[in-house]
S.K.: 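Pasting a structure below so you can have a look.
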Amino acid sequence: MIELKKSYSPEDIEDKWYVVWEKGGHFKPDPNAAGEPFCIVIPPPNVTGSLHMGHALNAAIQDILSRWKRMSGYKVLWLPGTDHAGIATQNVVERELAKEGIDRHKLGRDAFIEKVWKWKAEYGGRIIHQLKKLGSSCDWSRERFTLDEGLSKAVREVFVRLFEEGLIYRDNRLINWCPRCHTALSDLEVEYEEIEGKLYHMKYPLKDGSGYITVATTRPETMLGDTAVAVHPEDDRYKNLIGKALSLPLTGREIPVIADDAVDPAFGTGAVKVTPAHDFNDEAIGKRHNLRSVGVISEDGRMSADAGERYSGLDRYRCRKKIIDDLNERGLMEGDEKHKHSVGHCYRCKTIIEPLLTIQWYVKIEPLASEAVKAVQDKRIRLIPDSWENNYFAWMRDIKDWCISRQIWWGHRIPVWYCPDCKGENGTPPQGELIEHIFLQPVRLNDGREITGGVYSELRTAGLSHEDIIGNSKIIRIAKRVKPICLRDDLKECPECGSKNIIRDPDVLDTWFSSALWPFSTLGWPAEGSDDLKTFYPTSVLVTGFDILFFWVARMIMMGLKFMDEVPFRDVYIHALVRDSRGQKMSKSKGNVIDPLLMIDKYGADAFRFTLAAFAAQGRDVRFSEERVEGYRHFINKLWNATKFIVSQGRQPSAVNIQPSTLPERWILSRLAFAADEVNRNLENYRFNDAANCIYHFVWHEFCDWYIEFTKPVLYHGDDKEKAEVIDCLFFVLEKTIRILHPFIPHVTEELWSSVFGHDESIMISQYPSELPKYPDAEEKMDYIINAVTGIRSIRGELNIAPSLEIKADIKTLSEDVEDILKGNLTAIMKLTRCKDINIGAGVKRLKGSAVSVEDKMEIYVPIEGLLDVKAEIERLRKEESKINDGVAMLNKKLSNEDFLKNAPKAIVEKERAKYDDLAHKKEKIEENIKILNAVMNSA
RNA sequence: GGGCGAUUAGCUCAGUGGGAGAGCGCUUCCUUCACACGGAAGAGGUCGCAGGUUCAAUCCCUGCAUCGCCUACCA
């Protein structure tokens, strides 16, 4: 016989099992094996990240699904991996280098990338292996990284095909630029935040000296790039000024007053300065009126040369101050007012975004989005909970073209080359004249001149070699007119003119571009004949948080449909965000972050996982509290101790299928069958909290509280045959229970499976219980026993009868069946109520000095003459009575309502009537007893 | 500005057109040979507010309030 420790301690068992599982190869499916496939690809976390609560919840759910499906006979693949997180990773490594005083540009592109790979090898991807602590049954042999060779091939294939179809293009337009990360961002990568700012009123004099217009702006510094002032065409204050010229202060430039409907006459002064180069609205106005764009802020957030000598080189916010001062000095500053507005910030570094006019690569999204909308409309993809569908549709309708180029080095480099030596179209000068280089530092020419960059052709003429130019370039601006050559294989020489001086596009792709391909690129696409792809695509379910629904999920759907002609997954289960116990978002700055690894250390991975599952209600955020983890550790301890009790009976678990004839055994088997069904059903519907609560309730309140207690009289006093039957049943239920529990709490169940039941094979490949036999009659009968026990206990509890005091009870039964049932389980009832004698039968009379409890088909009397506090008992019964009275009154009203009898379904009327009869009977009995007690009291 | 969601026991949250639920906490009792990480018995709620639909509303509809989240070209 094995010995279990007095209480459950996760640290003793959790670590060893992961190794065993991995060695056993159970995480690794054979695509050609029998069985239905079930596949989940993990939402790849940032390679820079470390495990936080959100990942833990995400992984716990995926592991529960994976283990459940695996035990249900599916060949399960849960595919792990990370994404290269372009901007984030580059930032991390740049910071590391900065500590050593190294700038990436000095290092050079190739050397820098090498450093990042080195960093990745050392620190990267730690997060994914932290998932092992949780017990995640990922197939590590298939782990992927978005910059892997295979995935890079997929990225290139997709880019080239989209380019060839005209769905990828370059354009010169205003984009969101992060001056710190030094790159363009997509619309989604900008986070808007309310800021308490100021609205400045500035006077712009009319050219003819006849007065001025006051404009209102939150960004005075951009006035240097103003190319118009706009007013509403119907605004009487300004109508007569439309078309007139203004003299732009501090620059003397002449700008027109224009009329545009977009201007809100009620806002500010009703006159808007228009800076097409630094504001999205103004860009639109500029387009409508053919205005010039004057860019006055450059890539690093400082004022450019076009801002004029006085301001050039100043940081944009320093410049703002200076402009305000300068306008004040000239009497052109009318004042300012407080103004709340939302300002875009970089989602990676929180720097305020600067709209900049640049050339970028875009994906034409509309044709892809319309297919992606259809897939959800047709239910080829289900979003769960479906309340997200509206959000999804709304976003897809308004979607704008996706800016995919990033001005960083870590990522998939855009597979496009340009030839500076080729002639332009129609014999125009070589394209080299349209390519501008900005050097990292001044370069000395042969003639002694120092230059900081220039146009490619000129630099060549000045004597620099192609390699010199490229090697020294910090920024390369390639005009839109330069012809891109987009290829699957790297270009060595120009296919047109044969020149070997080829310039590769310096940009890399948005990380989300590669993660959009994740469901098929990880399975082997575009390689031919991949078994994994054939077997596991489309994947079964995607489990993710709503925060990346648009970033990632929508784009995967678009790309999956486009390149696989099939949805990437059938179901999308969208889980909640994990917040702290007060509902606050966890963040480092708030200091309310709970470290999942700490929770695992403290309470064990199983308790932690169970907590996450129990919290994971659909459509609501998870408010995490450590207390709950503690509570679920208690639950596992309960399971542990129940097992210990069963084991201590000294009998080996039997392998046979049991078919008991006794009531409690039939009852617990039926309850087990019910619990198994419920858990299966809830998991089927992604109702993890319901599944967890259901099995929790079964284990604690049915198996432990009732069944085990019920077996004790037999175990302690029964004969060998009776004992054997009961122990077999205990083991049987326990064995099925730990299987049901395994997906939630894999470690402890494996431990018990192996140590108690002596199985050699892992529990994770045992069969998941379902469709076990049910015994409705047993459930009905047990209810009478439970009622009898509860009734007597209530009397004991409420009348404060000492538990040590052995009492007698009389139960008057109102049906023969009930009498038989109670008599047949008399020993157990006596044990559970600590009664020394119970008298059961139709003719049982109430003895003097009895407390009473009226139950379904029985009246329970506990004669405690002498000990009975008559007053207390009357009190107790009155309380009971008043409760019943409420019900009786309500039902009475209902049943005397003719409309109810006429309109309500028959079944409901019947039910209500039965209910009424029950309550009325109970009420009558209780009143009877109150009368008797009153008589006793009065006679005393 | 638009949209979505929430509002149920002290706390955290399930739930349903027909008898208000769970976990934790609380109160009382119990260290009875699985477990004090335990057992037994209890207390506790106009189901945010106001209307409407219905025989019947915590549930459906409308409005309001409060709180979240998403979204937007508030210069």
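Computed over heavy atoms, backbone and side chain alike; hydrogens, waters and symmetry mates excluded. Note on naming: letters A, B, ... go to the chains in the order of the sequence lines (proteins, then strands), and numbering restarts at 1 for each one.
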S.K.: Whether the side chain of A/His278 engages the backbone of A/Ile297 through a donor-acceptor N/O pair (distance < 3.5 Å, no angle test) should be reported.
M.R.: yes

S.K.: Given the P atoms of B/C70 and B/C55, what is the spacing between them in whole Å?
M.R.: 43 Å

S.K.: Check every atom of B/A41, B/G39, B/C55 against the side chain of A/Glu798 and return the nucleotide holding the closest atom.
M.R.: B/A41

S.K.: Rounding to the closest angstrom, what is the interatomic distance between B/A22 and B/G45 at atom P?
M.R.: 15 Å

S.K.: Ignoring backbone atoms, establish whether A/Tyr192 has a side-chain N or O less than 4.0 Å from OP1 or OP2 of B/C69.
M.R.: no

S.K.: Ignoring backbone atoms, establish whether A/Trp388 has a side-chain N or O less than 4.0 Å from OP1 or OP2 of B/C69.
M.R.: no

S.K.: Looking at RNA chain B, which of residues 630-640 of chain A put a heavy atom within less than 4.0 Å of it?
M.R.: A/Arg633, A/His634, A/Asn637, A/Lys638

S.K.: Without decimals, in angstroms, what is the distance between A/Leu549 CG and B/G3 C1'?
M.R.: 15 Å

S.K.: Closest approach to the side chain of A/Tyr696, judged atom by atom: which nucleotide of B/G18, B/G23, B/A36 is it?
M.R.: B/G23

S.K.: Give one of base, sugar-phosphate or nothing for A/Phe267, where a contact means two heavy atoms less than 4.0 Å apart.
M.R.: base

S.K.: What does A/Asp264 touch in the nucleic acid at a heavy-atom separation under 4.0 angstrom: a base, only the sugar-phosphate, or nothing?
M.R.: base

S.K.: Let me check something: any side-chain donor-acceptor pairs from residues 906-918 of chain A under 3.5 Å, sequence neighbours excluded? List them with distances.
M.R.:
from: A/Glu912; atom 1: OE1; to: A/Lys894; atom 2: NZ; distance (Å): 3.0
from: A/Glu912; atom 1: OE2; to: A/Lys915; atom 2: NZ; distance (Å): 2.6

S.K.: Of the candidate nucleotides B/C70, B/A14, B/C35, which contains the atom at the shortest distance from the side chain of A/Asn391?
M.R.: B/C70

S.K.: Here's one to test your reading of the geometry: is the NZ or CZ of A/Lys644 within 45 degrees of the ring axis of A/Tyr8 and under 6.0 Å from its centre?
M.R.: no

S.K.: Regarding A/Asn390, tell me which of base, sugar-phosphate or nothing describes its non-hydrogen contacts under 4.0 Å with the strands shown.
M.R.: nothing

S.K.: Should we say atom CD of A/Glu806 is surrounded by more than 12 heavy atoms from elsewhere, each under 6.0 Å from it?
M.R.: yes

S.K.: Regarding A/Ser7, tell me which of base, sugar-phosphate or nothing describes its non-hydrogen contacts under 4.0 Å with the strands shown.
M.R.: base

S.K.: Write down the distance between CZ (A/Arg219) and P (B/C74), rounded to a whole number of angstrom.
M.R.: 14 Å

S.K.: Check whether any side-chain nitrogen or oxygen of A/His701 sits under 4.0 Å from OP1 or OP2 of B/G23, and answer yes or no.
M.R.: yes

S.K.: Mind calculating the distance between CD (A/Glu337) and P (B/C74) to the nearest angstrom?
M.R.: 16 Å

S.K.: Determine the contact category for A/Ala394: base if any of its heavy atoms lies under 4.0 Å from a base atom, sugar-phosphate if only primed atoms, P, OP1 or OP2 are that close, otherwise nothing.
M.R.: nothing

S.K.: Using whole Å, report how far CZ of A/Arg628 lies from P of B/C37.
M.R.: 19 Å

S.K.: So what does the secondary structure string of RNA chain B come out as, 5' to 3', with Watson-Crick or wobble pairs under 3.5 angstrom, [ ] for crossing and | for pairs with another strand?
M.R.: (((((((..((((....[..)))).(((((.......))))).....(((((..]....))))))))))))....

S.K.: Measure the spacing between NZ of A/Lys831 and NE2 of A/His717 and express it to the nearest 0.5 Å.
M.R.: 6.5 Å

S.K.: Under 4.0 angstrom, heavy atoms only, what part of the nucleic acid is A/Asp282 near: base, sugar-phosphate, or nothing?
M.R.: nothing

S.K.: Using the ring centroid of each side chain, check whether A/Phe267 and A/His339 are separated by less than 6.0 Å.
M.R.: yes

S.K.: Counting only side-chain nitrogens and oxygens, does A/Lys883 get under 4.0 Å of the OP1 or OP2 atom of B/A43?
M.R.: yes

S.K.: Measure the distance from CD on A/Glu627 to P on B/G10 and round it to the nearest whole Å.
M.R.: 17 Å

S.K.: A/Tyr603 and A/Phe608: ring pair (Phe, Tyr, Trp, His ring centres under 6.0 Å), yes or no, with the steps?
M.R.: CA-CA 7 Å; A/Tyr603 302 102; A/Phe608 179 57; 9.0 Å; no

S.K.: Checking all strands, does A/Lys911 fall into the base, sugar-phosphate, or nothing category for heavy-atom contacts under 4.0 angstrom?
M.R.: nothing

S.K.: Would you indicate, yes or no, if B/G42 has its OP1 or OP2 atom less than 4.0 angstrom from a side-chain nitrogen or oxygen of A/Ser794?
M.R.: yes

S.K.: So what does A/Ala802 hit on the nucleic acid, given a heavy-atom distance under 4.0 Å: a base, only sugar-phosphate, or nothing?
M.R.: nothing

S.K.: Taking 4.0 Å as the cut-off, does a side-chain nitrogen or oxygen of A/His339 come that near to OP1 or OP2 on B/A75?
M.R.: yes

S.K.: Can you find a side chain N or O atom of A/Lys893 that sits less than 4.0 Å from OP1 or OP2 on B/A56?
M.R.: no

S.K.: Report the relative orientation of the aromatic rings in A/Tyr632 and A/Phe635; use parallel for angles under 30°, tilted for 30 to 60°, perpendicular for over 60°.
M.R.: perpendicular

S.K.: Suppose you measure atom C1' in B/U7 against the same atom in B/C64; what distance do you get, rounded to whole Å?
M.R.: 13 Å

S.K.: Output the single nucleotide from B/G38, B/C55, B/G19 whose closest atom is nearest the side chain of A/Lys915.
M.R.: B/G19

S.K.: Does A/Arg876 have a side-chain nitrogen or oxygen under 4.0 Å from the phosphate oxygens OP1 or OP2 of B/A43?
M.R.: no

S.K.: Counting side-chain heavy atoms from C-beta on, which of B/A72, B/C55, B/A34 comes nearest to A/Ser342?
M.R.: B/A72

S.K.: Tell me whether the side-chain N/O atoms of A/Asn903 come closer than 4.0 Å to OP1 or OP2 in B/C55.
M.R.: yes

S.K.: With sugar-phosphate meaning primed atoms plus P, OP1 and OP2, does A/Val263 contact a base, only sugar-phosphate, or nothing at under 4.0 Å between heavy atoms?
M.R.: base

S.K.: Is it the case that A/His232 and A/Asp264 place a side-chain donor and acceptor less than 3.5 Å from each other?
M.R.: no

S.K.: Quick one: A/Arg397 CZ to B/G2 P, roughly how many Å, whole number?
M.R.: 17 Å

S.K.: Look at all strands and tell whether A/Ala642 reaches a base, only sugar-phosphate, or nothing, counting heavy atoms closer than 4.0 Å.
M.R.: base

S.K.: Expressed in angstrom and rounded to an integer, what is the separation of A/Ile807 atom CD1 from B/A40 atom C1'?
M.R.: 12 Å

S.K.: Does the pair A/Arg793 and A/Leu832 meet the rule for a side chain to side chain contact (heavy atoms under 4.5 Å, CB included), with working shown?
M.R.: CA-CA 9 Å; A/Arg793 280 177 176 172; A/Leu832 293 184; 3.9 Å; yes

S.K.: Rounded to the nearest Å, what distance is computed from the NZ atom of residue A/Lys198 to the C1' atom of nucleotide B/C74?
M.R.: 19 Å

S.K.: Enter the distance from A/Leu383:CG to A/Glu389:CD here, rounded to the nearest 0.5 Å.
M.R.: 5.0 Å

S.K.: Going by atom types only, do A/Asp856 and A/Asn787 share a side-chain donor-acceptor pair under 3.5 Å?
M.R.: no

S.K.: What is the nucleic acid contact for A/Asn693, judged by heavy atoms within less than 4.0 Å: base, sugar-phosphate only, or nothing?
M.R.: nothing

S.K.: When you measure from the side chain of A/His341, which nucleotide among B/G15, B/A75, B/G18 comes out closest?
M.R.: B/A75

